[in-house]
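Report on the structure given below.
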Amino acid sequence: MELFKKKKTAGEPERTGLPRHIAIIMDGNGRWAKKRGLPRTAGHAAGAENFRKIARYCRDVGIEYLTVYAFSTENWSRPDDEVNAILGILENYLEEAMERMRKENIRVKFFGNPARLSPKIQELIKKADEISRDITGCQVNVCFNYGARDEMVRAMQTYAEEVKAGRANDITEADVNRYLYSADIPDPDLIIRPGGECRLSNFLLWQCAYAEFYFCDTYWPDFDEAELDKALEAFSGRQRRFGKVK
Ligand code: IPE
Ligand code: IPE
Ligand code: MG
C-alpha cells in the first residue's frame, strides 16, 4: 500500500490516513456466477475464497479490524439449496480457521445470532472465540445471520433484563454500545459495498453513524487487493468532520 508511505507535500490537504476498522458488504456473488454461466453457489465459493485473500491483505497493510457481511437475517428467504451451500461454506471456513488463525495471526469473531445455526457451527464459533483470545493480529468479524435491527432488539432485550434485575436504571449511548456484538471495538471508519448496490441492507446501522462510504460496481469475487487500494485511496482523501468546523 504505497499511498501511506508517501510524504505529504506542502499545501496538500490533511489526509485521513489508514482506517482502523473497515467493514465490507460482500455483495455480487450471484451475478458474478451468472455472468459466467455458473450456479449461484459457485459465486459464493469464489466469494469465500476472495474473503480469505482480502482478510490477509488487510492484516498485511495494518488494518486492525475487518468486519464482513456474509449472511443477513433476511437471506434465509433464499432457496434452500443456496442457503445450505452458504452454511456449508461457513462451516468449512470455521473448521479451517481452527488451524490457521494462529499461523496467520488473524482473530476470527462471529457477529450474529447463532441460535438458528447447527450445533456443530455453534461449537466452532465458541472455539474460534476461545482461540482468538491470545491472537494479536487483525480481528476479522464475520457477520452471519446478522441484521442490525436484530442486533439492536437483542441489545434492548438484554438491557431490559438488567433493569428488571435491578442492575441498571439509566441508559446512555455507551450502554447501548455495550450490548452490541461490536461492544469492544471502535466503530467502522470505512464501509465498502462492491456489487453495484448503494444501500446498507440492514448492516451496522448503529455503528456507521460517522463511517465513510465507498460503493463500486465490481462483484465481490473480483474485488481484489488493487480494488481495496482504490477504496483506501478514496478514504484517505475524505475530510471527516464529526460535526465540527474544520
Ligand atoms: C452476497 O452475494 C452474498 C449473500 C448475500 C449471501 P449475493 O448472493 O447477494 O449476490 P447477488 O447480489 O445476487 O449478485
Ligand atoms: C446484503 O446483500 C447481505 C450480504 C452481502 C450478506 P443482499 O444481496 O442480501 O442485499 P439486498 O437484498 O440486495 O439488499
Ligand atoms: Mg446481493
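Just so you know, ligand 1 is whichever comes first in the structure, and atom 1 is the first atom listed for that ligand.
Looking at D27 next to ligand 2, an N or O pair under 3.5 Å apart turns up. Polar contact with ligand 2: present for S201 (N/O pair, distance under 3.5 Å).
Not a single heavy atom of G195 sits less than 4.0 Å from an atom of ligand 1. Heavy-atom distances between R40 and ligand 1 reach below 4.0 Å in at least one pair. For the pair H44 and ligand 1, a heavy-atom separation below 4.0 Å is found.
Taking the centre and axis of the six-membered ring of W76, the NZ or CZ atom of R78 falls outside the cone set by 45° and 6.0 Å.
At a 4.0 Å heavy-atom cut-off, ligand 2 touches F71 through the backbone alone. If you look at A70 next to ligand 2, the close heavy atoms, those under 4.0 Å, all belong to the backbone.
With M26, R31, E74, R78 as candidates, the residue nearest to atom 7 (P) of ligand 2 on a non-hydrogen basis is R78.
At distances below 3.5 Å, at least one donor-acceptor pair connects side-chain atoms of R36 with backbone N or O atoms of W32. One N or O on the side chain of N202 and one on the backbone of A148 form a donor-acceptor pair closer than 3.5 Å.
Under a 4.0 Å criterion applied to the non-hydrogen atoms of N75, ligand 1 contributes the atoms 5 (C), 6 (C). Every atom of ligand 2 is numbered from 1 in the order shown, and the set under 4.0 Å from a heavy atom of I25 is 5 (C). Contact atoms of ligand 1 toward I86: 6 (C) (distance under 4.0 Å to a heavy atom of the residue).
Here the two rings, on F51 and Y93, have centers that are under 6.0 Å apart. Aromatic ring centres of Y146 and F111: separated by at least 6.0 Å.
Among the atoms of E197, no N, O or S atom is found under 2.8 Å from the Mg ion (ligand 3).
Side-chain atoms of Y181 and N113 form no donor-acceptor pair, as typed in the model, at a separation below 3.5 Å.
In terms of protein heavy-atom proximity, atom 10 (O) of ligand 1 is nearest to G30 N, 2.9 Å.
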